[in-house]
Amino acid sequence: MQSGDAVKVVTVRTTGFDPAAASGGSAAVEAAAPAAASDKSSFVGSEIAKLDRPELTAAKIIVSGGRALGSSEKFNEVMTPLADKLGAALGASRAAVDAGYAPNDWQVGQTGKIVAPQLYIAAGISGAIQHLAGMKDSKVIVAINNDAEAPIFSVADFGLEADLFAAVPELVSKL
């Protein structure tokens, strides 16, 4: 990519790429002087949230639930034990967030967070294109859905056509 603009703003999804090799490479390292202070902005402070789980965009394992869970109580009852066993972050589809089953900051997809963990488990998620765009770069995708025609199966590395209310607790008991 090339840009002739004087100011460039670049964002990189760190989990979307494999780590760089520890040795080799031919890029030059140059020291840069800090920019002069500006009166157009000021640092007000920072607040860092303390989480019991890995942060969603940096997690190696993500367990996500969809609208099929039916309620926030069922979401927590079914998905939390699996996430706890795996040391995973919790995620959700937009439908689950819109229905109030999960908080907004758990939303994975175009209007949520873009993730690329080593393992992504989608339970009760149909696989709408909006959701797939947010998790398609995951290394291994496991889908659990009772609809054999669900689009999530088209991107899944492993698919289980089953009732998530039976399959997920059984998976937890086997871990």
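Being a predicted model, the structure only gives us computed values, none of them experimental.
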| Please walk me through it: do Val142 and Leu160 pass side chain to side chain contact (heavy atoms under 4.5 Å, CB included)? | CA-CA 8 Å; Val142 176; Leu160 177 61; 6.0 Å; no
| query | Does the side chain to side chain contact (heavy atoms under 4.5 Å, CB included) test come out yes or no for Phe165 and Lys74, once each step is laid out? | reply | CA-CA 9 Å; Phe165 295 108; Lys74 283 291 186 187; 4.0 Å; yes
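Within a 6.0 Å sphere centred on NZ of Lys174, other residues, nucleotides and ligands contribute 12 heavy atoms or fewer.
Here the shortest heavy-atom pairing between Pro169 and Ala166 reads CD-O, 3.6 Å. Scanning both residues, Ser72 and Gly100, for their nearest heavy atoms gives CB-O, 3.7 Å. Pairing each heavy atom of Ile114 with each of Gly109, the nearest pair is CD1-O, 3.7 Å. For the pair Phe75 and Ala96, the tightest heavy-atom approach, listed with the atom from each and the gap, is CE1-CB, 4.5 Å. Across Val97 and Ala92, no two heavy atoms sit closer than the pair CG2-CB, 3.9 Å. The shortest non-hydrogen separation linking Ile152 to Met135 is CD1-CE, 4.0 Å.
Here the straight-line distance linking atom CD1 of Ile144 with atom CZ of Phe158 works out to 12.5 Å at 0.5 Å rounding. The CG atom of Leu90 sits 9.0 Å away from atom CG of Leu56, with the distance rounded to the nearest 0.5 Å. The line from CG of Leu164 to CD1 of Ile121 is 12.5 Å long, rounded to the nearest 0.5 Å. Interatomic distance, CD1 of Ile62 versus CG of Leu86, reported as 12.0 Å (0.5 Å rounding). Considering CG of Asn145 and CZ of Phe153, their distance stands at 5.0 Å, rounded to 0.5 Å. Taken to the nearest 0.5 Å, the CE atom of Met79 stands 9.5 Å off from the CH2 atom of Trp106.
In terms of hydrophobic clustering, with Ile, Leu, Val, Met, Phe, Trp and Tyr side chains grouped at heavy-atom distances under 4.5 Å, Leu171 and Ile61 are assigned to a common cluster. Taken together through direct or relayed side-chain contacts under 4.5 Å among Ile, Leu, Val, Met, Phe, Trp and Tyr, Val140 and Leu132 form parts of separate hydrophobic clusters. By the rule that hydrophobic residues join a cluster once side-chain heavy atoms approach within less than 4.5 Å of another member, Tyr101 and Val108 end up as members of separate clusters.
Partners of Asp84 by side chain to side chain donor-acceptor pair (under 3.5 Å), not counting sequence neighbours, listed by chain and number: Arg53.
Proximity of a side-chain donor or acceptor of Thr80 to a complementary backbone N or O of Glu77 within less than 3.5 Å is not detected. In this structure a side-chain-to-backbone donor-acceptor pair under 3.5 Å is missing from Lys136 to Val155. Remark: side-chain polar atoms of Ser138 are not paired, donor with acceptor, to backbone N or O of Ile141 under 3.5 angstrom. Judged by distance alone, the side chain of Asp5 and the main-chain N or O of Val7 form no donor-acceptor pair under 3.5 Å. Looking at Asp137, its side chain never comes within 3.5 Å of a backbone N or O of Val115 through a donor-acceptor pair.
Annotation: side-chain hydrogen bond (donor to acceptor under 3.5 Å, both in side chains) contacts involving residues 116-132, sequence neighbours excluded, comprise Ser64-Tyr120, Thr111-Gln130, Tyr120-His131.
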